[in-house]
Amino acid sequence: MGSVAADHFERLYRVHADPWHVGSAWYERRKRGLLLACLGREHYAHAFEPGCGGGDLTRRLAQRCGRVCAVDVAGSAVARCRARLAAGGIANVDVLTLDLPRRWPAIPPGGFDLIVVSELAYYLDDASLGAFLAALDASLAAGGELAACHWLAPFDDRVQPTDAVHDALAALPGLSPAVLHREEQFRLDLWRRRP
Ligand SMILES: C[S@@+](CC[C@H](N)C(=O)[O-])C[C@H]1O[C@@H](n2cnc3c(N)ncnc32)[C@H](O)[C@@H]1O
């Protein structure tokens, strides 16, 4: 099976602006609060958020980061994310339409000091996941933090098990675990790269 195709996500966003109810569901809001609470620093210079969707997490990250690079493969999600940021007067986010890992954003000098992979990497097939991991490795600054959060249960368009994704992230060079959280429905881990 290949990675889940870009047009699959575009179709979902055209049917419903928030296909996973990320903005409204208590499960999603609680998970987002937990993720934000797990980030070790109050402030980051430059964060990368692959698979940003409509920007619910992006808006919160923007409050704690000098700059955020938010990327999604679905043009409709990117448009919604941009519009919501603009409506909130948030100007420190670059929102890009890219099919990761085939296309990758510019990496700031020294790398991103925060990368948040939330509910994305289980859509990638083995080859894409390998390339995604290599690109994350090249993108994470020394001393930077890598957070990942993924649902555990099976679902139709899942390509990778969540544990396989998180175990592969944990094996990236120079990472030390800072938060290892697993509960009934999701796994949330944060690793810090040694300086
Ligand atoms: C389940 S949603 C998660 C949204 C958000 N990260 C969250 O946790 O609420 C997955 C998002 O990843 C995006 N996505 C999936 N595959 C992608 C890829 N190869 N490159 C960039 N974005 C992708 C989808 O369009 C969708 O917005």
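As the structure lists them, so they are numbered: ligands from 1, and atoms in each ligand from 1. Computed from heavy atoms alone, side chains included, the values below leave out hydrogens, waters and symmetry copies.
- Summary of contacts: the protein heavy atom closest to atom 17 (C) of ligand 1 is L120 CD1, 3.5 Å.
- Ionic pairing of R193 and E145 is not present here: no N-O contact between side-chain nitrogen and carboxylate oxygen is shorter than 4.0 angstrom.
- Backbone and side-chain nitrogen or oxygen atoms of D72 are examined, and one is located within less than 3.5 angstrom of a nitrogen or oxygen of ligand 1.
- Under the 3.5 Å distance criterion, the side-chain polar atoms of N92 are matched with a main-chain donor or acceptor of C65.
- Residue-to-ligand polar distances place D99 within reach of ligand 1: an N/O pair is separated by less than 3.5 Å.
- Taking a cutoff of 4.0 Å between a charged side-chain nitrogen and a carboxylate oxygen, E183 and R30 qualify as a salt bridge.
- Here the protein heavy atom with the shortest distance to atom 20 (N) of ligand 1 is L100 N, 3.0 Å.
- Distance from atom 22 (N) of ligand 1 to its nearest protein heavy atom, with residue and atom name: V73 N, 3.1 Å.
- Of the possible polar contacts, one joining the R64 side chain to the E42 backbone as a donor-acceptor pair under 3.5 Å is found.
- Note on L190: it clusters hydrophobically with W151, by side-chain heavy-atom contacts below 4.5 Å among ILVMFWY residues.
- A salt bridge links R187 to D189: at least one charged side-chain nitrogen sits closer than 4.0 Å to a carboxylate oxygen.
- The nearest heavy-atom contact from the protein to atom 10 (C) of ligand 1 is E119 O, 3.3 Å.
- Those atoms of ligand 1 that come under 4.0 Å of a heavy atom in G53, given as number and element, are 27 (O).
- Considering backbone and side-chain atoms alike, W20 places every N or O at 3.5 Å or more from each N or O of ligand 1.
- Scanning W151, Y13, F155, Y123 for the heavy atom closest to atom 27 (O) of ligand 1 points to Y13.
- The part of L98 lying near ligand 1 is the backbone, judged by heavy-atom distances below 4.0 Å.
- Considering backbone and side-chain atoms alike, G51 places an N or O below 3.5 Å from some N or O of ligand 1.
- In V22, the part holding a heavy atom less than 4.0 Å from any atom of ligand 1 is the side chain.
- In terms of protein heavy-atom proximity, atom 7 (C) of ligand 1 is nearest to S118 OG, 3.7 Å.
- Here L140 contributes atom CG and L175 contributes atom CG; the two are 6.5 Å apart, rounded to the nearest 0.5 Å.
- Note: the hydrophobic cluster containing L152 does not contain Y123 (ILVMFWY, side chain heavy atoms under 4.5 Å, direct or indirect links).
- The pair E28-R32 does not count as a salt bridge, with every side-chain nitrogen at least 4.0 angstrom from each carboxylate oxygen.
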